Structures are given as structure tokens and as C-alpha cells.
A.B. asks: 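I have a structure here, written as C-alpha cells, and I will follow up with some questions on it.
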Protein chains: 2
Amino acid sequence: MRILLVEDDHLLARTMLDMLRQDQNTVDWLDDGQQALTALNNEHFDLVILDLTLPRLDGLDVLQGARQAGNHTPVIILTARAELNEKLTGLDAGADDYLTKPFAMAELKARIRAVTRRGHSASGDAEIRVGQLRLNTSSGQLMVGDEHAVLPRSEFQILHYLMRHPGQVATRRRLEEQLYGWDSGAESNALEVHIHHLRRRVGKATIRTIRGVGYVLDPDAVTGDTPCH
Amino acid sequence: MRILLVEDDHLLARTMLDMLRQDQNTVDWLDDGQQALTALNNEHFDLVILDLTLPRLDGLDVLQGARQAGNHTPVIILTARAELNEKLTGLDAGADDYLTKPFAMAELKARIRAVTRRGHSASGDAEIRVGQLRLNTSSGQLMVGDEHAVLPRSEFQILHYLMRHPGQVATRRRLEEQLYGWDSGAESNALEVHIHHLRRRVGKATIRTIRGVGYVLDPDAVTGDTPCH
DNA sequence: GGCAGGCGTTAAGGCTGGCTTAAGACTCGT
DNA sequence: ACGAGTCTTAAGCCAGCCTTAACGCCTGCC
């Protein structure tokens, strides 16, 4: 998943970055409310983790601003216990969940899973299913029928996105964002190569090309082949 | 197992440390409530042994703080008999068990086994089973099929953790925590070497590598080798 | 029908990270 | 003090991953 972390405590932020990236996410980090709002308006994220006390523009204003602009990205708010009363305002302003500092990293993981609505309750590993595809989102293990594979990072990111939006078109741009966040700069046909490799695993018909736009995952497509070489 | 001991009586603490380490555990020790809460929020422990009278932050506050942060680690509370009435509050606050000082080390061991819920019912030796693996957690004896061996400490720690979380990813970080706690500083490929030795015992396919992340125990993996030809 | 642009396919190169092995350091019991 | 068993370190190897680039195909447009 692509996550935006907005947190001005650099020490805490770094801990969270490490944890989130370890969990196979592409994470971008800002420590400033103004920039955060701009980023939210111009790019796509699957989740925002938003501290309330920020320089330049308060977290709540970021949230409200984004929502007013029609942005529905799931948001988890971080807040000090002293600001408890603000939380109500926070939920009113359109946050999906909140966490009071200090919090346990495990708890953050759980909330993320809850908010993104995958991995039902149980603290076990989260898994997405689409058709006969089963993708373990914490280990990147993929089951196609009864064949098993561990996806490399890039292929995982792509397939994960496609499976989160089955039947919807994923633009090339969107997929590249998922892969690189802001670090990118990759100007090549890398994406097509990854898609190629994915199709080899998943069955050719499962990922359909929309010429000039991007790709779609076809939930109904059946594989037919399981290469094994 | 990785255990956090929070106890400000240094003499008692040292005794307990020795005993717990004797039993193959990795134990970290703090004598201060504030630090304990911080540690609990940022790291993973399998068990906390918590004295109630602590400098800076009372034991009960540590417990409550941790629980509010969403931390579900099993906790055993230590308390002087004079503070008996507090115990009820202790259980209310989310402790799993308590022990009144002075106590026998054997008693503590028993409580630990009970709280960590391994070694069902009878106080006989605790044993974990996953697939065809059977690990005796008190002796470190491993049965693979009908072959048996006694694991050295490091390999035991790793396999024990993997078997407690079969099918889930164990990050390198997590495994190193299990091995060293805070004493570490070990910057090397030691973990990989241990994994290598373990695979030799347990079958290569049983421990799967998740590149850039860690390892998973595959419960279904058989000792032989994968078919596919 | 020819052309151009987008996409598929394949192979090669660089690189990272894990695997393997062997050698020394250490511990502990005898 | 010695030896067996254990842990760490280091070095070289290997495999897998990502990107790049070349080439061919397909599609749609003129």
C-alpha cells in the first residue's frame, strides 16, 4: 500500500517509517501540514497517518481541507492524550480512526488493517482473495489454486493494488506511484516487465491491458496454466 | 521466549534473571516504570513480569498505560503481601496473574507456563507441535518424525518463535530480539547461520525465506523435496 | 497498406541480500 | 587445563530481483 505519514516528531516518524516499510508498504513522509494538504490534493494514497500538532497547518485543518476537496482517503489520527477532547472533532472532521500517543506499534498495525478493511479482526496475517487468487499481504505469499509462490516486492505491490480494486482500471501512473512513491524517477518499461512476470504466475487472461491507460484485474478469468518452469 | 522483567529490588531481580535465563529465555531488565512503559510500546515481549512499587511510574500505571496503548502482552504482577488489596485493582487493570512476595522460583515458573498457555493442564513438560515437528520447550528437545535432537540455545530460540507463530512472518528484527534482547549489538550474519543449521535439521522447505523481510515456518512442508517434475 | 505508437517478450547487466563454509573465540563442565 | 559443543566473524559464492534495451507484434489511424 502507499501510505502518507504526517508526523513532525522525527524520531517517532523514523520508527514508524521502518515498521511500515518492513510491512511491504511504500511510505512517503512529511512533517508539515501545508505540504501534507498539497500532497493529498495532488496524489493518491491508500492511507494517511496524521499527527494533529503540526507546524504551519494543524492536522485537523489538513483533514478538513482534504475532505472538503472531496478526498476520501482513509485517515488515522495520532493525538496526545491531553488533546482527547479534540478527538471527537477529529472523528467529526472525517477521520476513520484515532490513536492516542503513546501507542504500541502492534496497535497501529491492527488499526491499519481494520481501516483498510482487510484481515478480519484476528491478529493473524491479513489475506486478500480475488477469484482463485489468495495474497498474504504481510509476507507477499501468493496462492493460485494450490500453487504457491513468494512474490518479489515490485510484483507484490502491483498485484496487491490490482486485487484491492478488482475490475477497476489501474492507470500506469497509479501503479508506478505504488511502486516508487516519491523516490522514483524510473523512466522505462519496468512496469510492463513486472506485469509480464505477474501474468506468468497468475494466468495471462487475469490481467487485462487497457491500451493507453493501464491494467485491470479480471476476477472471473480462470487460469488454465500453471507453468512450473 | 523474550521476557521483560521490571523490578527495582536489584538483588531479587538478579536472582530472577539467572533463573529465567537458565530456562532458555532472553530476559531484559528495567528498574524504572517510565522506561518500562516506553519499552513496551516500542518492542515485542512474550511476557512481562512487573513489580508494583517502582520509581518514577507505578507498576499499575505502567500496566494501564500499556493496555491503553493497545498492548496485549501477558503480564504477571509481583506484589508484597501488604499491598494485597491492590491486587484486585491489578487484575482489573488487565494483569493475567499475580504473585505475592516472597515467592518460590518454582511457583513463578508454574505461573509463567500457565500464563503463556503452553503445556496444557497438567504441569508436565510443555511441548509445541507444528506439522511433524515436536519441540519440548523446557528441555529444548526436538523431534522431527522419529529423529530427535537437542537444540543449542540460539537455534532453539529461533525455532521456538517460529513454531509459536506458524505461517506468520517473523522479521529478522524480531528474531534477533528473541536471541539477544538489548545485550546484542551483534551486527553480522549470525542469524542466517543459525537458520542454515536449523534447516539442516528440520528440512530445507520448512523454513521459507521472505526476501528483505524475514522467515516463515511452513506447517505443511514435508521433509522431502517439492515435486513439480 | 503503410506507418507510428503502445505493448509484449526476451535477454543481459548490475546489484543486493541470502547462503554456505570454515576458522577462530568463547563457555562450560570435567 | 583441556575438550566438546556453541556462537560469531568473515569471505566468497550464488540466486533472485530490477532495470535497461532491443526487437517484434498488434492496433488504429491516415
Side-chain angles (χ1 to χ4, degrees), chain A residues 21-22 24 26 139-142 148-160 162 169-173 175-176 178-181 183-216 225 227 229, chain B residues 18 21-22 24 26 139-142 149-160 162 169-173 175-181 183-216 225-226:
Chain A
R21 291 196 170 130
Q22 193 84 47
Q24 307 260 40
T26 301
S139 67
Q141 291 183 100
L142 172 70
H148 169 276
V150 179
L151 295 185
R153 206 197 90 94
S154 303
E155 292 176 40
F156 170 80
Q157 292 286 8
I158 295 172
L159 186 59
H160 189 193
L162 291 175
V169 192
T171 64
R172 306 173 65 87
R173 171 105 173 293
L175 288 174
E176 279 169 357
Q178 291 282 324
L179 284 180
Y180 308 113
D183 304 339
S184 82
E187 189 63 41
S188 75
N189 65 344
L191 177 58
E192 284 146 34
V193 177
H194 293 312
I195 291 279
H196 175 59
H197 290 144
L198 265 178
R199 288 210 247 238
R200 186 178 288 168
R201 296 183 199 274
V202 141
K204 205 150 189 172
T206 312
I207 300 177
R208 189 179 303 144
T209 305
I210 309 296
R211 205 185 153 83
V213 184
Y215 299 90
V216 193
D225 43 8
H229 298 292
Chain B
D18 289 345
R21 288 189 174 139
Q22 199 83 39
Q24 303 262 46
T26 300
S139 69
Q141 265 219 353
L142 172 70
V150 177
L151 295 184
R153 201 198 93 96
S154 302
E155 293 176 41
F156 171 80
Q157 291 285 10
I158 294 172
L159 187 59
H160 189 193
L162 290 175
V169 200
T171 63
R172 306 172 67 85
R173 174 113 164 288
L175 289 174
E176 279 169 356
E177 281 178 359
Q178 290 282 325
L179 284 180
Y180 309 113
D183 303 340
S184 79
E187 189 63 41
S188 77
N189 62 347
L191 176 59
E192 284 147 38
V193 176
H194 294 312
I195 291 278
H196 176 60
H197 293 324
L198 264 178
R199 285 210 248 239
R200 187 177 288 166
R201 297 181 199 274
V202 140
K204 206 151 188 169
T206 312
I207 300 177
R208 190 174 296 147
T209 304
I210 308 294
R211 187 176 232 255
V213 183
Y215 299 90
V216 191
D225 42 3
T226 54

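This is a predicted model, so every value here is computed, not measured.
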A.B. asks: Let me know, please, whether B:I210 or A:G214 comes out on the 5' side of the other along DNA chain C by nearest nucleotide.
C.D. replies: A:G214
A.B. asks: Mind checking side-chain hydrogen bond (donor to acceptor under 3.5 Å, both in side chains) for B:R173 and listing every partner two or more places apart, or none if nothing turns up?
C.D. replies: none
A.B. asks: Calculate the interatomic distance between B:H197 atom NE2 and D:dT9 atom C1'; express it in whole Å.
C.D. replies: 12 Å
A.B. asks: Going 5' to 3' on DNA chain C, which nucleotide is the first and which the last to come under 4.0 Å of a heavy atom in chain A?
C.D. replies: C:dG5 to C:dT10
A.B. asks: Sequence neighbours excluded, which residues qualify as side-chain hydrogen bond (donor to acceptor under 3.5 Å, both in side chains) partners of A:Q178?
C.D. replies: A:D46, A:R164
A.B. asks: Would you say the side-chain atoms of B:Q157 pair up with the backbone N or O of B:Q24, donor to acceptor, closer than 3.5 Å?
C.D. replies: yes
A.B. asks: 5'-most contact on DNA chain D: A:V150 or B:N189, nearest heavy atom basis?
C.D. replies: B:N189
A.B. asks: Rounded to whole angstrom units, what separation is found between the CG atom of A:L179 and the P atom of D:dC17?
C.D. replies: 15 Å
A.B. asks: By nearest heavy atom, map B:R172 and A:I195 onto DNA chain C; which one lands nearer the 5' end?
C.D. replies: A:I195
A.B. asks: Just the rounded figure in Å: distance from C1' of D:dG5 to CG of B:L151.
C.D. replies: 14 Å
A.B. asks: Just checking B:Y215: base, sugar-phosphate only, or nothing, at a heavy-atom cut-off of under 4.0 Å?
C.D. replies: sugar-phosphate
A.B. asks: Residues in side-chain contact (heavy atoms from CB on, under 4.5 Å) with B:V169, at least two apart?
C.D. replies: A:D125, A:S138, A:S139, B:I210, B:V213, B:V216
A.B. asks: Mind checking what makes ring pair (Phe, Tyr, Trp, His ring centres under 6.0 Å) contact with A:F156, not counting sequence neighbours?
C.D. replies: A:H160
A.B. asks: Report each atom pair, protein N/O against N/O of nucleotides 26-30 of chain D, whose distance is under 3.5 angstrom.
C.D. replies:
none

A.B. asks: Show the atom names and distances, to 0.1 Å, of all donor-acceptor pairs under 3.5 Å that link a side chain in residues 190-198 of chain B to residues at least two apart or in another chain.
C.D. replies:
residue : atom : partner : partner atom : Å
B:E192  : OE2  : B:R172  : NH2          : 2.5
B:H196  : NE2  : B:R200  : NH2          : 3.2

A.B. asks: Output all residues satisfying salt bridge (Lys or Arg N to Asp or Glu O under 4.0 Å) with B:R153, sequence neighbours left out; order by chain, then residue number.
C.D. replies: none
A.B. asks: Could you state the CZ-P distance from A:R200 to D:dG16, rounded to the nearest angstrom?
C.D. replies: 13 Å
A.B. asks: Below 4.0 angstrom from OP1 or OP2 of D:dT20, is there any side-chain N or O of A:S188?
C.D. replies: yes
A.B. asks: Specify the residue among B:S154 and A:H194 whose closest nucleotide of DNA chain D lies further upstream toward the 5′ end.
C.D. replies: B:S154
A.B. asks: Test of understanding: with side-chain hydrogen bond (donor to acceptor under 3.5 Å, both in side chains), list the residues that count as partners of B:R199, not counting sequence neighbours.
C.D. replies: B:T209
A.B. asks: Please state how far atom NE2 in A:H196 lies from atom P in D:dC17, giving the value in whole angstrom units.
C.D. replies: 14 Å
A.B. asks: If I take atom CD in residue B:E192 and atom P in nucleotide D:dC13, what distance separates them, rounded to the nearest angstrom?
C.D. replies: 17 Å
A.B. asks: Quick check for you: among D:dT19, D:dT8, D:dC7, whose closest atom lies nearest to any side-chain atom of B:Y180?
C.D. replies: D:dT8
A.B. asks: So, for B:L162 and B:A170, which heavy atoms are closest and what is the spacing to 0.1 Å?
C.D. replies: CD2-CB, 3.7 Å
